[in-house]
Amino acid sequence: MSAAAAAAHATLRARPQGASVNRPLWVWLAMGVLGYLVFPWYAQQDANGLLAVGQVFSSEQAANGLMQAALFGRPWLWLGLAGLAVAGLGACLPAGRKQGTLLVAGGALGLAALLLSGFAIGARGWAFEWMNTSLGELGARQPGMGWGGFVVLSALLVLLSFGVARRGFFKGDLFVAAAVVGCGSLLALFIVFPVLKALSAAFFLEDGPFSLAVVWERIAHERNFSLSCLANLGGGQRCGVAWNTLFLGLMTATSTTLLGTFMALMAERASRRYARPLNIVALLPIITPPFVVGLGLILLFGRAGVFNQFLEYAFGITPSRWFYGWLGVWVAQTFAFTPIAFMIMRGVVQGVAPSLEEAAQTLRASPHRTFMTVTLPLLKPGLANAFLVGFIESMADFGNPIVVGGQFSVLSTEIFFAIVGAQYDQGRAASLAWILTFFALTVFAIQRGLLGKQNFTTVSGKGDAGIAMPLPTGVRRVVHSIALPWMAFTLIVYLFALAGGFVQTWGRDYTITLAHFRTAFSVEWGEFGVVWAGTAWNSFFTTLKLAAISAPLTATLGIAIAWLLARTEFRGQGAFEFAALLAFAIPGTVLGVSYILAFNVPPFELTGTALIIVLCFMFRNLPVGVRAGTAAFKQLDRSLDEASVMLRAGSVQTLRHVVLPLLKPALVAALVYSFVRAITTVSAVIFLVTAENELATTYIIGRVGNGDYGVALAYCTVLIILMSASIGLIQLLVGDRKLGRRGAAPAAH
């Protein structure tokens, strides 16, 4: 017996021979029936959230699905029960194609009936005007779906997937079929559907009719693609917001990629004493809200900043707002996103096999030629990924343009004002989302096209104990001359940003004070106990609660999708993977607009609830879990899974006892990253927050808008401490990657 088989035999038990193969079918049928009997069918916004179990037999508002169909004039709900009945007939048959046919028929009937009726009938009757014209006014109404409808739809979907497996697909594995169909449905509902819904709004006029001409008119509008700034340089003209965004994205992507590469080379190839400081710098953008850099730069270069005050004192130059505009946004984004490029490039530099460099030097290549012809070409995947991430982060960035952009408009801020401003122009917001999405997907496609057919494998199953080549002297000097000043400048900006929360009024009164912290986080003792008197406590607790709920869900779904992509084969796998990673290519501003437009009407009426924020957190951060899980699966030999299957273990047992214990680092990384990003994100959720569900980032934006930088920076300081603790914990649990290479020999004395 092989070592893999022996290990699997020690941890797994073969499935009992007498177990009923139809037991999962009956479990999900029972779930569907309970959904009709136990839970409110429609969402209860004012009766204990969505769950009002005690009123399902007494109130129309909170009645279950059976009562709604029988007594309250919603007969279309009977079709869901009919679908469950057909699937129940299939469960009575022995496992096989006939059973699969009935399961597919029942699941499809129930799903189609409930979804079509949900989209066609809304809170005012028919959801579409043409249905009113054709069928007449409908007396019945229905609000958004509640827990009852969710449970029944889930049961029907799982029964449908079981039927597909019984008909021979997915090798007959019920769990794999349910996982693929379930995850695919979630991706379709919470990524593909809202994005298409938002983008389709560009094709409709304000009064409703569809028009192809209107979308071209909106996209080609002079405000979007005007080039008058080039024709009249210095004349005060402005370029279109699309050109502004593209120009800024390319500038930021270039600067962050170059600086991140220099920092990675310095950390890995120049001197090990820079490794720890660079690690600290790399963590800063992850553990800080997106406004910190912008606020720090304002304290340095703003009208009342240290630099302008020095110019006025030394040279009599009147302070001005010269920093606000494209220059300020570009500098702020470069500060904010360079550490992300550094983290990407550091892993790539670590992965370059020293044996390849040693081979070049054995053939008498100089260190400089080895670096230019061997090392640098092997960094291409990292350079392309760092450029892509910098470009998309720049386009999706909302915090820095709103803080230091001044009159310089970009697509993310234009979309925001089109939705929340007095104009409330959904069509314009959708047309701007089209442009933003087109830019992001174009760069994504170019990157995939350039690197898709090339092979850059440097780490294989064979050992490589070579010593990494030091940087050539000329390259090292260039790297040091650029990276070291930038590191120092970065630390100064963050120091100023944090110091701003501890002074009375920056630029006028530098008295040390904790007043800003007391305003935000004061605690008092009242008649009934502790009183959270600070103005920031509500947003702080709400943010922590929603992040703690979304993080485990994000990590679990991401690892599950990664497992399906790495360990199973099925038709449509390419589209499945594209949907899973689509949230990475879609800017957060577009996703936030999509959720507003898709989930503000039945059947999925979620706008204004905490649930929509949790879902946005989940699917915005989902690609992180998918990528972390996929990378981890590539390191696991398939023989472990195969040995488990040979011992007659099912997919669930194999996943639980063999795979998941080996994925703990990826799972913990996805958990902490999802938690941190949920706390610090702003662009995707800026449209979704309400007074009841205010988040930390929106509270900070409000303070910045009022010019109250002290309280905003005090809040940022508290969040930085919280995020630092989370990052420290994850590094303690996961540790560094070990590639089994020798360290450099100590210098001779």
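The basis for the numbers below is simple: all heavy atoms, side chains too, and nothing from hydrogens, waters or symmetry mates. Since we're looking at a predicted model, the values are computed, not measured.
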Asker: Is any side-chain heavy atom of Phe604 closer than 4.5 Å to one of Ile612?
Answerer: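 Heavy-atom side-chain distance check fails, nothing below 4.5 Å.
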Asker: Does Leu156 reach the side chain of Leu114, with side-chain heavy atoms less than 4.5 Å apart?
Answerer: yes
Asker: List, one per line, each side-chain donor-acceptor pair under 3.5 Å for residues 182-195, sequence neighbours excluded.
Answerer:
residue	atom	partner	partner atom	Å
Ser185	OG	Val181	O	2.7

Asker: Can you find a heavy atom in the side chain of Phe617 that is under 4.5 Å from one in the side chain of Ile549?
Answerer: no
Asker: Do side-chain atoms of Gln573 reach the backbone of Leu565 as a donor and acceptor pair under 3.5 angstrom?
Answerer: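 Pair found, side chain donor or acceptor close to backbone of Leu565.
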Asker: What do you reckon, is CZ of Arg141 surrounded by more than 12 foreign heavy atoms closer than 6.0 Å?
Answerer: yes
Asker: Between CZ of Phe576 and CD1 of Ile561, what distance do you get to the nearest 0.5 Å?
Answerer: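 Answer for the CZ-CD1 pair, Phe576 versus Ile561, is 5.0 Å.
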Asker: Could you tell me whether Phe150 atom CZ has more than 12 heavy atoms of other residues or ligands within 6.0 Å of it?
Answerer: no
Asker: Minimum heavy-atom separation for Gly90 and Gln99, please, with both atom names.
Answerer: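 Heavy atoms only, the tightest pair is O-CG, 2.9 Å.
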Asker: What is the minimum heavy-atom distance between Met618 and Thr554, and which atoms define it?
Answerer: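 For Met618 and Thr554, the tightest heavy-atom pair comes out as CA-OG1, 3.2 Å.
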Asker: Between the side chain of Arg74 and the main-chain N/O of Ala69, is any donor-acceptor distance below 3.5 Å?
Answerer: no
Asker: Do Ser550 side-chain atoms and Ala547 backbone N/O form a donor-acceptor pair below 3.5 Å?
Answerer: yes
Asker: Would a 4.5 Å heavy-atom cut-off, applied to side chains only, mark Cys616 and Ile613 as touching?
Answerer: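 No; the side chains remain at least 4.5 Å from each other.
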Asker: Does any N or O in the side chain of Tyr36 come within less than 3.5 Å of the main-chain N or O of Leu77, such that one atom is a donor and the other an acceptor?
Answerer: yes
Asker: Short question: side chain of Thr556, backbone of Leu553 - any donor-acceptor pair under 3.5 Å?
Answerer: no
Asker: In a check of side chain to side chain contact (heavy atoms under 4.5 Å, CB included) between Trp28 and each of Leu159, Val33, Leu157, Leu174, which one passes?
Answerer: Leu159
Asker: Nearest 0.5 Å, what's the OH-OG1 distance between Tyr595 and Thr607?
Answerer: 11.5 Å
Asker: If I compare all heavy atoms of Gly65 with all of Trp41, which pair ends up nearest, and what's the gap?
Answerer: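 Shortest heavy-atom separation between Gly65 and Trp41 comes out as CA-CE3, 3.5 Å.
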Asker: How long is the straight-line distance from CG of Leu615 back to CG of Leu606, given to the nearest 0.5 Å?
Answerer: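 Reported to 0.5 Å precision, the distance equals 6.5 Å.
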Asker: Counting only heavy atoms from other residues, nucleotides and ligands, does the tally under 6.0 Å from CZ of Phe438 exceed 12?
Answerer: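 No, not enclosed.
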Asker: For the pair Phe203 and Trp434, name the ring-plane relationship: parallel under 30°, tilted 30 to 60°, perpendicular over 60°.
Answerer: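 Aromatic pair Phe203/Trp434 classed perpendicular.
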Asker: As a quick check of understanding, evaluate side-chain contact (heavy atoms from CB on, under 4.5 Å) for Leu695 and Leu546, giving each step before the final call.
Answerer: CA-CA 9 Å; Leu695 299 180; Leu546 298 184; 4.0 Å; yes
Asker: Once you round to the nearest 0.5 Å, how far does CG of Leu564 lie from CD1 of Ile559?
Answerer: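 Separation between the atoms: 11.5 Å.
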Asker: Between OG of Ser134 and CZ of Phe128, what distance do you get to the nearest 0.5 Å?
Answerer: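 Separation between the atoms: 12.5 Å.
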Asker: Is there a side-chain contact between Leu557 and Leu622 in this structure, where contact means two heavy atoms from C-beta onward sitting under 4.5 Å apart?
Answerer: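 Leu557 vs Leu622: side chains touch.
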Asker: Any non-hydrogen side-chain atom of Asn693 less than 4.5 Å from a side-chain atom of Leu688?
Answerer: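 Counting from C-beta outward, Asn693 and Leu688 never come under 4.5 Å.
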Asker: Nearest 0.5 angstrom please: Asn22 CG to Arg166 CZ, how far?
Answerer: 5.5 Å
Asker: Where is the tightest heavy-atom contact between Trp126 and Glu137, given as atom of each residue plus distance?
Answerer: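 Here Trp126 and Glu137 meet closest at NE1-C, 4.3 Å.
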Asker: Which heavy atom of Leu597 sits nearest a heavy atom of Lys197, and at what distance?
Answerer: O-CE, 3.4 Å
Asker: With a 4.5 Å heavy-atom cut-off, do Phe687 and Ile415 have their side chains touching?
Answerer: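 The answer is yes, as the side chains (C-beta and beyond) meet within the 4.5 Å cut-off.
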Asker: Okay, side chain of Gln142, backbone of Ile121: is any donor-acceptor separation there less than 3.5 Å?
Answerer: yes
Asker: Which heavy atom of Pro602 sits nearest a heavy atom of Ala123, and at what distance?
Answerer: CG-N, 4.0 Å
